[in-house]
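Contents: one structure, followed by commentary.
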Protein chains: 2
Amino acid sequence: MGPKERKVREKEQRRDDIISAGEKLFLKKGFPGTTMDEIARECELSKGTLYLYFSSKDELFFTIVLTAMTVMYNLMRDSQEGLKEPVDRIRAIGSAYLNFYDRHPEYFRILSRIMDNEFDLNGENYEIGIRIQQMNSEVWRLMTGIISDGIKEGIFRDDTDPAEICISLYASASMIIQLMDHTKRNHGNMKKMSSGAKADPFADSFFSSLDFRKTLNSCGERIIYSILVNKPDLSHT
Amino acid sequence: MGPKERKVREKEQRRDDIISAGEKLFLKKGFPGTTMDEIARECELSKGTLYLYFSSKDELFFTIVLTAMTVMYNLMRDSQEGLKEPVDRIRAIGSAYLNFYDRHPEYFRILSRIMDNEFDLNGENYEIGIRIQQMNSEVWRLMTGIISDGIKEGIFRDDTDPAEICISLYASASMIIQLMDHTKRNHGNMKKMSSGAKADPFADSFFSSLDFRKTLNSCGERIIYSILVNKPDLSHT
DNA sequence: TGACTTTATGACCAACAGTCATTATACATA
DNA sequence: TATGTATAATGACTGTTGGTCATAAAGTCA
């Protein structure tokens, strides 16, 4: 491999260095809390160089969003390996989603956050925005595909809409895990802060005594057995 | 009423003026897209004066978040008037939520956004944060109360957890309306932009052909009839 | 009127995203 | 090796913005 290839590799290495530094800081300090100067210092490059590889702070951030979404998708896709029964496959998606939160809580958090469209994704950011949306569609395709298969096989009721069920499942799981995460972080803070007067007001104390993991499981089982499967099995507790 | 009272009223008037100006701009241009100088110009006060009434841009924004949440809560609460049957009451909550979106889409959008905890709510912002959380708890209390009543009356199954059902209902409705909103806004943009190349990448095109209002209704009915009511009525189409 | 309190102002500051003229490096050719 | 050229890196600089504060204005009371 000649010097041409080495240069390409070096450029890719630089890019990866910037992404790594950005990810480390964005995940720790959030988007507004991280400055481009800090990222430049972290990866030992000048700020100007950052802008040779990324057109804006937004674009760098969205590159990490894409990574997060890809990690989630891969966990979900891999969870299907060797499974045939639609019920098992849906359960596996749920487990993979919780697994994603347990292994990458920071990724989970930024994905919960990008629904808001506070970011301007025009011009330079267009490319990465499209890729994020494509990955997002892959996630939905994976989920709706399982439901469609189940309906075709006659295991799920044919009067259910796969999109509707998927939205309901994903939205419910997402909110339960978010509530769990907020509550957990809030309790952590309460311990740290002696006064206890500075809790995160968005950590919903209304559900603070809820067993979130049990609720998540129960919620999924209910939707599967009460709504999805053809002959509702009323005997499940 | 003496000059003391007049002064108090004038101060409240100033405060309301600032809130009105802030609301107008925040709802139109978003939080990062709005500057304190603009708000000051809009309400014909100096920037310094704004900081006599609000400790930070965040606090002013959260004041508007509280308004939005209160409007939503009031619509939900008022929808209960004259209703007795738990099933009707749950349906009314869903209708009120959709009504909230139809009448105040900008309020709906900022409420969808505050789940993210990108904001620092320490120090000065503590007071307003607490009030937002209290209002949030009121919403949950209203919803879980209906389910609990239904269970007590024997209309809903007693092996359901009110919290779990409410989270599922609210999360599902919230996501369906958000997808509808994104899709609608995106189509609006597509028309405006001749090139069509600058669509919002987070507007999920995967669901662009979905009839969101029908889905929202169907989703609620399914959860109510398949999960909640004591003897599942399988005859509903 | 004059002393004193409350309210309002906008020039100012620090922090930040993003730019660009300048410098450094790599490479090709003689 | 010397020289020209293309590419990559730099950091001082700019414009914008959230937030501050010394000063000024307005209101109040004796």
Side-chain angles (χ1 to χ4, degrees), chain A residues 1-19 21-22 25-26 28-64 118-126 128, chain B residues 1-19 21-22 25-26 28-64 118-126 128:
Chain A
M1 65 187 82
K4 275 270 161 55
E5 284 81 357
R6 202 202 63 220
K7 275 205 117 178
V8 170
R9 259 186 303 128
E10 274 177 359
K11 279 196 77 168
E12 276 171 5
Q13 184 57 49
R14 282 258 187 291
R15 206 185 128 88
D16 288 346
D17 289 345
I18 296 169
I19 293 173
L25 292 168
F26 281 137
K28 184 162 58 175
K29 312 172 62 168
F31 180 77
T34 302
T35 73
M36 291 300 265
D37 286 287
E38 282 178 303
I39 296 172
R41 214 177 307 130
E42 176 72 28
C43 60
E44 292 172 300
L45 290 168
S46 72
K47 183 158 70 163
T49 308
L50 264 54
Y51 284 90
L52 291 177
Y53 292 85
F54 297 92
S55 67
S56 67
K57 189 185 177 189
D58 277 11
E59 200 201 339
L60 175 54
F61 181 70
F62 282 121
T63 304
I64 289 142
E118 202 70 271
F119 293 96
D120 256 5
L121 280 193
N122 296 334
E124 308 306 311
N125 290 339
Y126 182 64
I128 185 74
Chain B
M1 61 187 89
K4 276 270 163 54
E5 284 81 356
R6 202 202 63 219
K7 274 203 118 180
V8 170
R9 259 186 305 128
E10 277 177 356
K11 279 195 79 168
E12 277 171 5
Q13 185 56 50
R14 282 257 187 289
R15 207 184 127 87
D16 288 346
D17 289 345
I18 296 169
I19 293 174
L25 292 168
F26 280 138
K28 183 162 58 174
K29 311 171 63 168
F31 180 78
T34 302
T35 73
M36 290 301 265
D37 286 288
E38 282 178 302
I39 297 172
R41 214 176 309 130
E42 175 74 27
C43 61
E44 294 172 298
L45 290 168
S46 73
K47 183 157 69 161
T49 307
L50 264 54
Y51 284 89
L52 291 177
Y53 291 85
F54 296 91
S55 67
S56 67
K57 189 186 176 190
D58 278 10
E59 199 201 339
L60 174 54
F61 181 71
F62 283 122
T63 304
I64 288 142
E118 202 69 273
F119 293 96
D120 257 5
L121 281 194
N122 296 334
E124 309 306 312
N125 290 338
Y126 183 64
I128 185 74

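As the structure is a computational prediction, the values presented were derived from the model and not from experiment.
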Rounded to the Å, how far apart are [X] [atom1] and [N] [atom2]?
X: B:Ile39; N: D:dG18; atom1: CD1; atom2: C1'; value: 11 Å
X: B:Glu59; N: D:dG19; atom1: CD; atom2: C1'; value: 14 Å
X: B:Arg41; N: C:dA8; atom1: CZ; atom2: P; value: 20 Å
X: A:Lys57; N: C:dC16; atom1: NZ; atom2: C1'; value: 8 Å
X: A:Glu38; N: C:dA15; atom1: CD; atom2: P; value: 12 Å
X: A:Met36; N: D:dA12; atom1: CE; atom2: P; value: 18 Å

**Under the salt bridge (Lys or Arg N to Asp or Glu O under 4.0 Å) test, residues paired with B:Lys57 that sit two or more places apart** = none
**Asked** Sequence neighbours excluded, which residues qualify as salt bridge (Lys or Arg N to Asp or Glu O under 4.0 Å) partners of A:Asp17?
**Response** none
Checking [X] now: which residues fulfil side chain to side chain donor-acceptor pair (under 3.5 Å) with it, not counting sequence neighbours?
X: B:Thr34; value: none
X: B:Glu12; value: none
X: B:Glu44; value: none
X: A:Thr63; value: none

**Asked** Which ones in residues 45-52 of chain A lie close to DNA chain D, meaning a heavy atom under 4.0 Å from one of its atoms?
**Response** A:Leu45, A:Ser46, A:Gly48, A:Thr49, A:Leu52
**Fill in**
Students should find that the end-to-end axis angle of the helix from C:dT1-D:dA30 to C:dA30-D:dT1, with five pairs defining each axis and rounding to 10 degrees, is 20°
**Message:** Going by the rule side-chain contact (heavy atoms from CB on, under 4.5 Å), which residues pair with B:Asp37 if we only count those two or more places apart in sequence or in a different chain?
**Reply:** B:Thr35, B:Arg41, B:Lys47
**Prompt:** Do any of residues 10-18 of chain B sit with a heavy atom less than 4.0 Å from DNA chain C, and if so which?
**Reply:** B:Lys11, B:Arg14
**Message:** Could you report the tightest heavy-atom contact between A:Leu25 and A:Glu42, atom names first, then the distance?
**Reply:** CD1-CB, 4.0 Å
**Fill in**
On a heavy-atom basis, the closest approach of A:Ile18 and A:Phe54 is CG2-CE1, 3.6 Å
**Request:** Applying ring-ring contact (aromatic ring centres under 6.0 Å, His included), name anything that partners B:Tyr53, two or more places apart in sequence or on another chain.
**Result:** none
**Prompt:** ring-ring contact (aromatic ring centres under 6.0 Å, His included) with A:Phe26: which residues, sequence neighbours excluded?
**Reply:** A:Phe31, A:Phe61
**Message:** Base, sugar-phosphate or nothing for B:Tyr53? Non-hydrogen atoms, less than 4.0 Å.
**Reply:** sugar-phosphate
